[in-house]
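Here's the structure we're looking at; comments come further down.
So you know, we letter chains A, B, ... as the sequences are listed, proteins then strands, and number each from 1.
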There are 2 protein chains.
Amino acid sequence: MEAIVMAWSEQLRSAGYKITRQRRAVLQVLAERNAHWRPLEVYQRARQRCPALGLTTVYRTLDILCELGLVQRVHLEQGCHSFAPVSQGHSHHLICRKCGEVTEFEGCDLSPLLERVSRSTGFVIEEHWLELFGTCPACQEE
Amino acid sequence: MEAIVMAWSEQLRSAGYKITRQRRAVLQVLAERNAHWRPLEVYQRARQRCPALGLTTVYRTLDILCELGLVQRVHLEQGCHSFAPVSQGHSHHLICRKCGEVTEFEGCDLSPLLERVSRSTGFVIEEHWLELFGTCPACQEE
DNA sequence: AATTTAATTGAAAAATATTTTCATTTAGGA
DNA sequence: TCCTAAATGAAAATATTTTTCAATTAAATT
Ligand SMILES: [Mn+2]
Ligand SMILES: [Mn+2]
Ligand SMILES: [Zn+2]
Ligand SMILES: [Zn+2]
């Protein structure tokens, strides 16, 4: 089994969640590709491994994974219904508009920007979201 | 009438759209506050000015305003169903988590970051989204 | 291995959000 | 004022997400 699936399972377990066939199937699907997944897609694909799976459980599992910071909602022009795996705590995504591939990128030093905005607006800034869109190497070759 | 409503109307007109009572009511609501608005909120508020207004028309009007770059969808933790006015072309929002106030901020020079990410991933980066969350000056005083 | 039990489950229904359809109305140019 | 394409709202359809609840099950305990 994929190492990432085992790592996720361990995180679930240590947070007090049981490892069920259904949850395992969801994790395995998410580990298949670096991409963003909609609940319905996860459901359809995961049912090949676990036919008894219900869509409700997919939603519930994604909720838990979000809560634990193992996946993150991805916001797209077409809508904000999909989720992508996350490696560390604070994370941003780079999304291919053609194939949907999702790549995390490291290091977002926005401090100068944030400080400037904070000073000019008087806001206390507590969080930032940054998402990049473009074309991945594979899709650049058409 | 608010200057901003007249400016928006002119934009609509010059894009070939008719200025209807319904559209004017929607614009007037959006101009009321620097905030993010959900379609249903716009609908309820705008019906005080134009009782015949339908929710469908609110959705359609927001679509057009998005298309023309006069409003922009705002993405929140709770969901991504609201819209906020935009002054210029490329714009980012700073959102108060307490009162919902939305402030645009100027100048987001992300070039060094984008270039670095582009180099390290091989992606061609075409667009970026940045949203900041925090507490506005008024809400800081509790 | 059998027992126990709280966590988990899926189906169905409900709630919420958005889009489509279509007959009627209307803004705005002629 | 007349004309017409654009715009409209009500209703229905579609899409997404959550709630409810009786049945099942993971896994800790015997
Ligand atoms: Mn960051
Ligand atoms: Mn920018
Ligand atoms: Zn979003
Ligand atoms: Zn505030």
Side-chain angles (χ1 to χ4, degrees), chain A residues 1 5-6 8-29 36-68 71 73-83, chain B residues 1 5-6 8-29 36-68 71 73-83:
Chain A
M1 201 199 318
V5 172
M6 299 192 64
W8 283 338
S9 300
E10 185 45 40
Q11 293 265 336
L12 284 177
R13 202 188 321 267
S14 70
Y17 294 104
K18 294 181 178 176
I19 307 304
T20 63
R21 266 179 304 119
Q22 288 88 341
R23 283 174 180 166
R24 200 155 29 223
V26 167
L27 296 183
Q28 286 172 331
V29 167
H36 47 91
W37 295 90
R38 312 188 72 184
L40 189 61
E41 293 170 339
V42 172
Y43 168 72
Q44 289 165 339
R45 205 135 172 74
R47 268 166 71 91
Q48 297 172 2
R49 298 171 183 276
C50 175
L53 176 67
L55 181 55
T56 310
T57 293
V58 173
Y59 275 98
R60 288 193 279 227
T61 303
L62 288 171
D63 257 2
I64 294 170
L65 295 175
C66 267
E67 190 183 288
L68 298 180
V71 306
R73 190 180 289 271
V74 169
H75 302 263
L76 305 169
E77 285 102 336
Q78 304 82 3
C80 307
H81 307 284
S82 48
F83 297 82
Chain B
M1 201 199 317
V5 172
M6 299 194 64
W8 283 339
S9 299
E10 186 44 40
Q11 293 266 335
L12 283 176
R13 203 189 320 269
S14 69
Y17 294 104
K18 295 180 177 175
I19 306 305
T20 63
R21 266 180 304 120
Q22 288 89 342
R23 283 175 180 166
R24 200 155 30 224
V26 167
L27 296 183
Q28 286 173 330
V29 167
H36 48 92
W37 295 91
R38 311 189 72 182
L40 190 60
E41 291 170 338
V42 172
Y43 168 71
Q44 289 166 340
R45 206 136 171 74
R47 268 166 71 91
Q48 297 173 3
R49 298 170 183 276
C50 174
L53 176 68
L55 182 54
T56 310
T57 293
V58 173
Y59 275 99
R60 289 192 279 228
T61 303
L62 288 171
D63 257 2
I64 293 170
L65 294 175
C66 267
E67 191 183 289
L68 298 180
V71 306
R73 190 179 288 271
V74 170
H75 302 263
L76 304 169
E77 285 101 336
Q78 304 82 3
C80 306
H81 307 284
S82 47
F83 297 82

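Take A/Glu41 and apply the side-chain contact (heavy atoms from CB on, under 4.5 Å) test, not counting sequence neighbours, and it matches A/Trp37, A/Arg38. Residues passing the side-chain contact (heavy atoms from CB on, under 4.5 Å) test with B/Thr56, sequence neighbours excluded: B/Arg60. Taking A/Gln78 as the reference, nothing meets the side-chain hydrogen bond (donor to acceptor under 3.5 Å, both in side chains) condition, with sequence neighbours excluded. Partners of A/Glu67 by salt bridge (Lys or Arg N to Asp or Glu O under 4.0 Å), not counting sequence neighbours: none found. Applying the ring-ring contact (aromatic ring centres under 6.0 Å, His included) criterion to A/His81, with sequence neighbours excluded, gives no partner residue.
In this structure, A/Asp63 places its CG atom 16 Å from C1' of C/dA7, rounding to the nearest Å. The CG atom of B/Leu62 sits 15 Å away from the P atom of D/dA7 (whole-angstrom rounding). As rounded to whole Å, 15 Å separates atom P of C/dT18 from atom CD of A/Gln78. Rounded to whole Å, atom C1' of C/dT9 lies 16 Å from atom CG of A/Leu12. The separation between A/Leu27 atom CG and C/dT8 atom P is 13 Å, rounded to whole Å. Protein atom OH of A/Tyr59 is 19 Å distant from nucleotide atom P of C/dA14, rounded to whole Å.
For residues 8-17 of chain A, the salt bridge (Lys or Arg N to Asp or Glu O under 4.0 Å) pairs, not counting sequence neighbours, are A/Glu10-A/Arg13. Each side chain to side chain donor-acceptor pair (under 3.5 Å) pair with one or both residues in residues 45-55 of chain B, not counting sequence neighbours, appears once here: B/Gln28-B/Arg49, B/Glu32-B/Arg45, B/Tyr43-B/Arg47.
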Write out a two-atom table: protein N or O, nucleotide N or O from nucleotides 10-15 of chain D, distance below 3.5 Å.
none

Pairwise N/O distances under 3.5 Å, protein to nucleotides 26-28 of chain D:
from, atom 1, to, atom 2, distance (Å)
D/dA26, N3, A/Lys18, NZ, 3.1
D/dA27, OP1, A/Ile19, N, 2.8

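Side chain of A/Arg23 to backbone of A/Thr61: no donor-acceptor contact under 3.5 angstrom is found.
Remark on DNA chain C: of its neighbouring residues B/Leu40 and A/Val58, the 5'-side contact belongs to A/Val58, judged by nearest-heavy-atom nucleotide.
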